[in-house]
Amino acid sequence: MSGGSDARLIAYGKLIDALPGLLDAEGRQALCDWLSERQVLHDGQEDPGAVIVEGLETELAIAQVFRELSERFDCRQP
């Protein structure tokens, strides 16, 4: 990983750490709502058993990161 990539990841991490203190209640709720919409991979399939998971590893990992961020920001599900 190059120095620029490392710096970008460090900057993103610092931003994520700072967000809770920077947002008012309305902004925090908007962020929690945004994260909530992205915590589950929507594939358009009615039957979860019919979904072919191969090739979806990245999308599933992204959804997991959004779940972790939601927990980190103490988002509560209604």
Side-chain angles (χ1 to χ4, degrees):
M1 189 178 287
S2 72
S5 295
D6 289 342
R8 182 179 304 269
L9 289 175
I10 292 168
Y12 288 156
K14 288 183 178 203
L15 173 62
I16 293 299
D17 289 341
L19 274 177
L22 297 172
L23 297 172
D24 61 11
E26 186 177 315
R28 187 182 191 116
Q29 186 58 54
L31 176 61
C32 286
D33 292 345
W34 188 90
L35 288 168
S36 177
E37 294 171 6
R38 288 157 178 81
Q39 291 178 33
V40 177
L41 180 62
H42 297 285
D43 56 16
Q45 295 282 339
E46 292 289 328
D47 179 7
V51 177
I52 299 171
V53 177
E54 186 175 326
L56 296 178
E57 293 86 7
T58 299
E59 289 82 1
L60 291 169
I62 290 169
Q64 177 61 35
V65 170
F66 286 141
R67 282 190 294 279
E68 292 168 4
L69 287 170
S70 182
E71 291 174 10
R72 186 174 184 174
F73 294 139
D74 198 26
C75 296
R76 302 271 190 241
Q77 296 299 324

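The distance from the CD atom of Gln64 to the CD atom of Gln39 is 9.0 Å, given to the nearest 0.5 Å. Arg76 CZ to Ser70 OG: the interatomic distance, rounded to the nearest 0.5 Å, is 10.0 Å.
Counting Ile, Leu, Val, Met, Phe, Trp and Tyr side chains that sit under 4.5 Å apart, directly or through other members, Phe66 shares a hydrophobic cluster with Leu15, Ile16, Leu19, Leu23, Leu31, Trp34, Leu35, Ile62, Val65, Leu69, Phe73.
Annotation: salt bridge (charged side-chain N to carboxylate O under 4.0 Å, His left out) contacts of Asp24 (sequence neighbours excluded): none. Scanning for side chain to side chain donor-acceptor pair (under 3.5 Å) contacts around Arg8 gives Tyr12, with sequence neighbours left out. Residues that satisfy the side chain to side chain donor-acceptor pair (under 3.5 Å) test with Glu71, not counting sequence neighbours, are absent from this structure. Residues satisfying the side-chain contact (heavy atoms from CB on, under 4.5 Å) criterion with Gln29, sequence neighbours excluded, are Cys32, Asp33.
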